[in-house]
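Have a look at the structure below, then the notes.
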Protein chains: 2
Amino acid sequence: MTLNNYKNEDKVLLAVDCIIFGFDKEELKILLIKRNFEPEKGKWSLIGGFLKKEENLDEAAIRILHHLTGLNNIYMEQLYAFSKVDRDPAERTISVAYYALIDIASHDDDLIRIDSAQWFSLKNAPKLIFDHHRMVERAIARLQRRALGKPIGFELLPEKFTMRQLQKLYEAILDKKLDKRNFINKFNSLDILVKLDEKDMSMSRKGAYLFQFDEEKYRSKVEEGFSFKL
Amino acid sequence: MTLNNYKNEDKVLLAVDCIIFGFDKEELKILLIKRNFEPEKGKWSLIGGFLKKEENLDEAAIRILHHLTGLNNIYMEQLYAFSKVDRDPAERTISVAYYALIDIASHDDDLIRIDSAQWFSLKNAPKLIFDHHRMVERAIARLQRRALGKPIGFELLPEKFTMRQLQKLYEAILDKKLDKRNFINKFNSLDILVKLDEKDMSMSRKGAYLFQFDEEKYRSKVEEGFSFKL
DNA sequence: TCAAAAGTGTTCTGTTTACACCCATGG
DNA sequence: CCATGGGTGTAAACAGAACACTTTTGA
């Protein structure tokens with residue numbers, strides 16, 4: 001018959017860490033910053049900060065990302081709460097990780113001024129503080145499952161892109177080579193792309209047709225999900 | 001050039017709420033308790049409590065479940081952190097939801113003494129406090145995705161069960177009728193069941209063969225996942 | 001003898017995979 | 001004129017969906 005007015009319960013620091021995935025035509029990258037406070041000052045870290053009383057976690061993630069990088073209007077999704085007792089040696093902290101996908105090229109301007117933030121390809125990212133590497137691992141796993149269950153790409157690609165870029169994106173996420181024809185057929189059958197008359201001439205002499213997402217159809221496919229075997 | 005020693009950051013109460021799914025041969029149910037403290041005393045609620053400084057979230061979930069229901073050795077999985085600013089009117093609280101699957105029959109003895117805990121079928125569960133209904137919704141969605149991506153059932157069924165029980169479990173989770181022959185064929189092709197010589201005579205005159213999971217094969221299928229379209 | 005649940009295979013259809021050649025162009 | 005990347009279709013294998021009748025036995 002407890003009378004619980006919450007007064008005797010422990011309170012903790014609640015951190016939010018962001019795994020920001022970017023794609024730059026060839027490779028999947030993550031955005032890291034050099035930490036400028038103790039502990040672990042000077043080491044590479046995910047972008048992170050603390051939840052404030054007057055905001056929810058989604059808002060905190062957006063605020064923190066914006067504050068540290070200048071990035072705006074980034075859609076983020078909650079990943080997992082990490083809570084090992086000694087994960088942060090300085091103080092008991094629980095961290096809720098968020099992940100996001102962005103097109104590196106179209107956000108470079110925002111980022112270029114932030115000298116402590118830097119893109120690293122997944123393969124040769126530096127060692128990270130605390131349990132941040134586990135966050136990244138889990139984010140990659142989630143991204144892969146995600147890529148097979150919904151179309152992604154709207155967030156990671158520029159507005160206009162070639163089929164080859166789209167395929168490279170999937171190859172980067174899934175970390176395997178895909179068959180060109182099967183990929184195109186599959187994607188076309190989803191009926192979410194619009195072929196433009198324009199060509200991208202930067203990659204070949206022949207040029208490659210540019211595509212755009214049909215935003216409405218894309219959104220509805222994202223809603224309903226689908227099964228994408230590759 | 002912030003010098004951040006964490007001292008100025010807000011601390012919050014971190015709750016853990018548990019969505020306990022049970023299965024009793026026909027229906028999917030959830031375990032609720034009548035809340036015995038303010039606010040919302042006397043209302044139905046998920047099983048919940050607060051994280052303590054010296055434990056991680058998984059441990060807290062196990063402790064809370066055990067403390068309120070007597071249930072032991074229940075495997076739980078983290079679902080999502082709910083953080084709307086005014087979700088708990090009494091105080092700013094973030095709640096990390098966990099969900100679990102258990103076989104009702106084999107845990108009835110533990111539970112029978114706890115008069116404030118009760119099983120409700122999903123369809124006619126009572127109104128819940130705070131945002132607990134959203135937690136349940138999300139847990140159901142997760143459970144459904146889960147059921148299609150990994151074999152489940154080990155947790156929700158008694159050790160020996162009939163094919164019909166297994167099928168009913170999947171029907172309850174996915175909330176749709178499945179074809180008997182296709183279901184059996186599919187499950188057999190996974191090669192994780194052992195057919196016993198025993199029959200269950202309680203459901204029919206003819207009797208139905210009992211099966212067991214081959215624990216080793218089951219575990220490895222759980223690891224790797226699979227794609228189960230039904 | 002019949003009601004109630006158990007058990008069992010085949011066909012059809014759609015999806016996934018594997019695979020190779022010509023095209024357009026700038027240098 | 002040729003090197004480079006772009007574009008295209010088909011056949012074979014596999015997985016999923018639909019479907020109906022026989023068996024057992026306790027009452």
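A, B, ... follow the sequence lines: proteins, then strands. Residue 1 opens every chain. None of the values given here were measured: they were computed from a predicted structure. These numbers come from the heavy atoms of this one structure, side chains and all, not from hydrogens, waters or symmetry mates.
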Donor-acceptor contact present, side-chain A:Tyr170 to main-chain A:Ile152, <3.5 Å: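 Such a contact is found between A:Tyr170 side chain and A:Ile152 backbone.
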Ring centre gap for B:Phe130 and B:Phe82 strictly below 6.0 Å: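 When the ring centroids of B:Phe130 and B:Phe82 are compared, they turn out to be at least 6.0 Å apart.
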Close aromatic pair by centroid cut-off 6.0 Å: B:Phe213 and B:Phe161: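 Distance test on ring centres: under 6.0 Å, yes.
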Check: B:Asp200/B:Thr162 side-chain N/O donor and acceptor closer than 3.5 Å: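 There is no such pair (donor and acceptor under 3.5 Å, judged by atom type) between the side chains of B:Asp200 and B:Thr162.
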Side chains of B:Tyr98 and B:Asp58, donor plus acceptor under 3.5 Å: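 B:Asp58 and B:Tyr98 do have a side-chain donor-acceptor pair below 3.5 Å.
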Letter per nucleotide, 5' to 3', of nucleotides 22-27 of chain C [B base touched, S only sugar-phosphate touched, - untouched; heavy atoms, 4.0 Å]: -BBBBS
Letter per nucleotide, 5' to 3', of nucleotides 11-17 of chain D [B base touched, S only sugar-phosphate touched, - untouched; heavy atoms, 4.0 Å]: -----SB
Separation of atom [atom1] in [X] from atom [atom2] in [N], rounded to whole Å:
| X | N | atom1 | atom2 | answer |
| --- | --- | --- | --- | --- |
| A:Asp179 | D:dG9 | CG | P | 15 Å |
| A:Lys180 | D:dT4 | NZ | P | 14 Å |
| B:Phe211 | C:dA6 | CZ | C1' | 11 Å |
| A:Leu190 | C:dT16 | CG | C1' | 14 Å |
| A:Met163 | D:dT8 | CE | P | 9 Å |
| B:Phe187 | C:dA6 | CZ | C1' | 18 Å |
| A:Leu178 | C:dT16 | CG | P | 13 Å |
| B:Ile184 | C:dA6 | CD1 | P | 9 Å |

B:Met163 CE to B:Phe183 CZ distance, which is reported to the nearest 0.5 Å: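 Taking CE in B:Met163 and CZ in B:Phe183, the distance rounds to 7.0 Å.
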Nearest-nucleotide comparison on DNA chain C, the residue closer to the 5′ end among B:Met203 and A:Asn185: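 The residue whose closest nucleotide sits nearer the 5' end is B:Met203.
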Presence of salt bridge, A:Lys123 and A:Asp175, under 4.0 angstrom: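 So A:Asp175 pairs with A:Lys123 through a salt bridge.
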Chi angles and distances behind the side-chain contact (heavy atoms from CB on, under 4.5 Å) call for B:Val96, B:Tyr80: CA-CA 6 Å; B:Val96 178; B:Tyr80 195 75; over 6 Å; no
Candidate pair B:Asp103 and B:Phe23, rule side-chain contact (heavy atoms from CB on, under 4.5 Å), full reasoning: CA-CA 6 Å; B:Asp103 168 36; B:Phe23 184 67; 5.9 Å; no
N or O in side chain of A:Arg164 less than 4.0 angstrom from D:dG6 OP1/OP2: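 Looking at the OP1 and OP2 atoms of D:dG6, one of them is under 4.0 Å from a side-chain N or O of A:Arg164.
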Distance-only donor-acceptor test (3.5 Å): side chain B:Arg181, base C:dA6: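 It does not, because no donor-acceptor pair links the side chain of B:Arg181 to the base of C:dA6 below 3.5 Å.
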